[in-house]
Number of protein chains: 2
Amino acid sequence: MRIGELAGKAKTRASTLRYYEERGLLQPPERTPAGYRNYGDEAVQRLEFIDRARAAGLTLAQTAEILEVRDAGGSPCGHVRDLLDRRLVEIDEQLEHLRLLRTSVAELRANAAQTSPEACTPESICRYL
Amino acid sequence: MRIGELAGKAKTRASTLRYYEERGLLQPPERTPAGYRNYGDEAVQRLEFIDRARAAGLTLAQTAEILEVRDAGGSPCGHVRDLLDRRLVEIDEQLEHLRLLRTSVAELRANAAQTSPEACTPESICRYL
DNA sequence: CTTGACCTTCAAGCATACTTTAAGGTCCAT
DNA sequence: ATGGACCTTAAAGTATGCTTGAAGGTCAAG
């Protein structure tokens, strides 16, 4: 399978696949005599895995780590559990931060609805913020 | 007031202030005969405003827009209201996205707790994801 | 008069995940 | 044999918000 076909199956682009190879997420495939990358069917699964990892918010570097462990014949399960745990903590922190932000922006907006435009004095710049 | 002093009052750095000037958030101040930037006290308020805008999640470009309207003598209130409204929509979208992500990562993690490491077969790479 | 703190500009670097561009080779159909 | 689709590499561009580096000028204290 050439790179364009694989990209089509994975709903991404050839340039992305070359980038993944550079980042260590895809192993360098065989080449045809002309130098074209020639992928086997298993590359599709690998890309699906990468996509699931991305959907879980793992970085490419983290995903590459997992795949390296696998490629070395190891079992990355414990590592993956750790990454998922850390992701959960991060997500909870982001949620908390966003909730607080939502509250304060909503307050700002509520003020803006009440305040007359004249409140924008030169020294306060804008009372809304 | 020289740039370092202003930076100290605004709890930021001289390099940041120069950057803000370049981005149009700070107006170019007077210079001393030696070429040093010389700020007046009102610059402190302006930086506080910029900080509040940043805390509300507005981009530097949006904040610069607001300040440009003010500097031109206009009242940016309507514009600020619009920006706050859009921010609220964005924040709600981000919250929803994060909640869904949290659910799916938590499911993944729950699976990982139950599954034995042997489930990491070569073709599936890792059952946890 | 020298040392050190502080200032100047312009350019480049950082982090992430790609995309785009340039210049060129390959392959299949007509 | 020629056109077009597809492939190759290396390098640079994108977005955001700064920081860092290089090379040099200013100023007050000792």
Original post:
Does atom CD of A:E30 have more than 12 heavy-atom neighbours, drawn from other residues, nucleotides or ligands, at distances under 6.0 Å?
Top reply: no
Original post:
Under 4.0 Å: is that the gap between some side-chain N or O of B:R37 and OP1 or OP2 of C:dC7?
Top reply: no
Original post:
When the distance from CZ of B:R2 to C1' of D:dT26 is rounded to whole Å, what number comes out?
Top reply: 9 Å
Original post:
Closest to the B:T59 side chain: D:dT8, D:dG17, C:dA17?
Top reply: D:dG17
Subject >> Side-chain heavy-atom pair A:R46, A:D71 within 4.5 angstrom cut-off >> reply: yes
Original post:
Just how far, in rounded Å, is C1' of D:dT8 from CG of A:L6?
Top reply: 17 Å
Original post:
To the nearest Å, how far apart are B:Y36 OH and C:dC7 P?
Top reply: 8 Å
Subject >> Nearest-angstrom distance from the residue atom CG of A:N38 to P of C:dT26 >> reply: 16 Å
**OP:** Could you list by number each residue of residues 14-35 of chain A showing a heavy-atom separation from DNA chain D of less than 4.0 Å, or answer none if no residue does?
**Re:** A:R18, A:R31, A:G35
**OP:** Please round to the nearest 0.5 Å and tell me the distance separating atom CG of A:L83 and atom CG of B:L108.
**Re:** 11.5 Å
Subject >> Relative orientation of the end axes in the helix from C:dC1-D:dG30 to C:dT30-D:dA1, expressed as an angle to the nearest 10° (five pairs per end) >> reply: 30°
Original post:
Once you round to the nearest 0.5 Å, how far does CG of B:L25 lie from OH of B:Y19?
Top reply: 8.5 Å
**OP:** Let me know the distance between CD of B:E5 and P of D:dT26, rounded to the nearest Å.
**Re:** 21 Å
Original post:
Is it true that A:E5 and A:R2 make a salt bridge, defined as a side-chain N closer than 4.0 Å to a carboxylate O?
Top reply: no
**OP:** Looking only at side-chain atoms of B:L60, point me to the closest of D:dC18, D:dG25, C:dA17.
**Re:** D:dC18
**OP:** Give a yes or no on whether a salt bridge exists between B:R18 and B:E21, defined as a side-chain N under 4.0 angstrom from a carboxylate O.
**Re:** no
**OP:** Would you give the length of the straight line joining atom CD of B:E107 to atom CZ of B:R102, rounded to the nearest 0.5 angstrom?
**Re:** 11.0 Å
Subject >> Electrostatic pair A:E90-A:R87, nearest N-O below 4.0 angstrom >> reply: yes
**OP:** Locate the shortest heavy-atom distance separating B:A14 from B:A7; write the atom from each residue and the value.
**Re:** N-CB, 3.6 Å
**OP:** Would you mind reading off the distance between B:Q62 atom CD and D:dT16 atom C1', rounded to a whole angstrom?
**Re:** 12 Å
